[in-house]
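These values consider heavy atoms only, across backbone and side chains, with no hydrogens, waters or symmetry-generated copies.
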Amino acid sequence: MSAGSISTTLVSVEEYLAGEIVSTIRHDYLGGIVYAMAGGSEPHNRIATSLVTALASRLRGRRCEAFGSDMKFRINNLVGDTYFYYPDAMVACDQSDTGHGWRERPTVVFEIISEETRNVDEREKRIAYKHVAALQSYVRIEQSRAEIAIDRRTATGWTTEVITGLDAILRLPEVEIEIPLAELYERIAL
């Protein structure tokens, strides 16, 4: 979730990455413009913790690996600009995509949606993420109600599936795991 632009001049990728190492807050980077990230709400943090815990426990000992919101997602867009986002979680299965503090080829990316972040998550990030060839699913988790939207890559393009209710199950066949929504929304007043 971007809180607002903080750079008044274009910043190079190298300057951005060096700044992130020493910064006390995280920043998105969009083609030279740096945006400070806002903090998450209590429900956001509960869902994020439940999500990363569920992913990590189900992927333990397997090829794919779960990451929380401190791992950057690097995107080189269609016009050659470099973007860095901090998704709320991601699953990376390409073991050669490692060692530099970000991932470029995640299999699944997750964002936890609030009314304040909806436009960025459902428009800007959705468009940018879908241009990453390795990405198989983009999962958007509502924090104010038990609802998840999953954009999945198919042989003919992208499809969207929406699941609702605490009795529903988030199925991620691309990484061979399932997570009940009741587990993700534990301790959330809906």
Is a side-chain donor or acceptor of [X] paired with a backbone partner of [Y] at a separation under 3.5 angstrom?
X      : Y     : answer
Thr98  : Gln95 : no
Gln143 : His44 : yes
Asp28  : Tyr35 : no
Glu20  : His27 : yes
Ser23  : Arg26 : no

If you define the side chain from C-beta out and look only at heavy atoms, does anything of [X] sit under 4.5 Å from [Y]?
X      : Y      : answer
Ile47  : Ile188 : yes
Arg46  : Leu51  : no
Leu55  : Met90  : no
Val139 : Asp151 : no
Leu181 : Ile141 : no
Cys93  : Val175 : yes
Tyr85  : Val109 : no
Tyr86  : Met71  : no

For this session: Decide yes or no on side chain to side chain donor-acceptor pair (under 3.5 Å) for Glu183 and Ser50, but give the supporting numbers first.
Result: CA-CA 7 Å; Glu183 186 175 339; Ser50 294; over 6 Å; no
If I compare all heavy atoms of [X] with all of [Y], which pair ends up nearest, and what's the gap?
X      : Y      : result
Ala92  : Phe67  : CB-CE1, 4.0 Å
Asp97  : Pro106 : OD2-N, 4.3 Å
Ala66  : Ala56  : CB-N, 3.9 Å
Phe110 : Pro87  : O-CB, 3.7 Å

For this session: Kindly indicate, with the supporting measurements, whether the criterion side chain to side chain contact (heavy atoms under 4.5 Å, CB included) is fulfilled by Ile177 and Leu59.
Result: CA-CA 8 Å; Ile177 63 173; Leu59 294 170; 4.1 Å; yes
[X]-[Y] co-clustered via ILVMFWY side chain contacts under 4.5 Å:
X      : Y      : value
Leu190 : Ile179 : yes
Phe73  : Trp158 : yes
Val52  : Val91  : no
Leu184 : Leu166 : yes

Looking at [atom1] of [X] and [atom2] of [Y], how far apart are the two atoms once the value is rounded to the nearest 0.5 Å?
X      : Y      : atom1 : atom2 : value
Thr49  : Asp88  : OG1   : CG    : 10.5 Å
Lys125 : Ile113 : NZ    : CD1   : 8.0 Å
Leu135 : Glu104 : CG    : CD    : 13.5 Å
Ser69  : Glu111 : OG    : CD    : 9.5 Å

Exercise. Does a donor on one side chain sit under 3.5 Å from an acceptor on the other, for Thr164 and Arg145?
Worked result: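 Side chains of Thr164 and Arg145: no pair found under 3.5 Å.
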Should [X] and [Y] count as an ion pair when the cut-off is N to O under 4.0 Å?
X      : Y      : result
Arg152 : Glu161 : yes
Glu142 : Arg118 : yes
Arg58  : Glu176 : no
Arg140 : Asp121 : no

For this session: Tell me, with the steps shown, if Ile150 and Leu170 meet side chain to side chain contact (heavy atoms under 4.5 Å, CB included).
Result: CA-CA 9 Å; Ile150 309 119; Leu170 171 59; 3.7 Å; yes
Problem set entry | Residues His131, Asn76; criterion side chain to side chain donor-acceptor pair (under 3.5 Å); working and verdict | CA-CA 9 Å; His131 288 296; Asn76 294 310; over 6 Å; no
Problem set entry | From CA spacing to verdict: side chain to side chain contact (heavy atoms under 4.5 Å, CB included), Val132, Arg105 | CA-CA 7 Å; Val132 176; Arg105 297 180 297 278; 5.5 Å; no
Exercise. Going through the distances and angles, do Leu17 and Lys72 end up as a side chain to side chain contact (heavy atoms under 4.5 Å, CB included)?
Worked result: CA-CA 10 Å; Leu17 292 172; Lys72 291 181 283 299; 3.8 Å; yes
Exercise. Counting only heavy atoms not in Glu42, do more than 12 sit closer than 6.0 Å to its CD atom?
Worked result: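 No, CD of Glu42 has 12 or fewer neighbouring heavy atoms, counting only those of other groups under 6.0 Å.
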For this session: Check ring-ring contact (aromatic ring centres under 6.0 Å, His included) between Tyr16 and all other residues, then give those that pass, not counting sequence neighbours.
Result: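 Once residues adjacent in sequence are excluded, the partners of Tyr16 under the ring-ring contact (aromatic ring centres under 6.0 Å, His included) criterion are Tyr29, Phe84.
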Exercise. Would you call the rings of Tyr138 and Tyr129 parallel, tilted or perpendicular if under 30° counts as parallel and over 60° as perpendicular?
Worked result: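 Rings of Tyr138 and Tyr129: perpendicular, as their planes differ by over 60°.
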For this session: Start with the C-alpha distance between Arg153 and Thr107, add both sets of side-chain angles, then the distance that settles side chain to side chain donor-acceptor pair (under 3.5 Å), and finish with yes or no.
Result: CA-CA 10 Å; Arg153 186 183 302 273; Thr107 303; over 6 Å; no
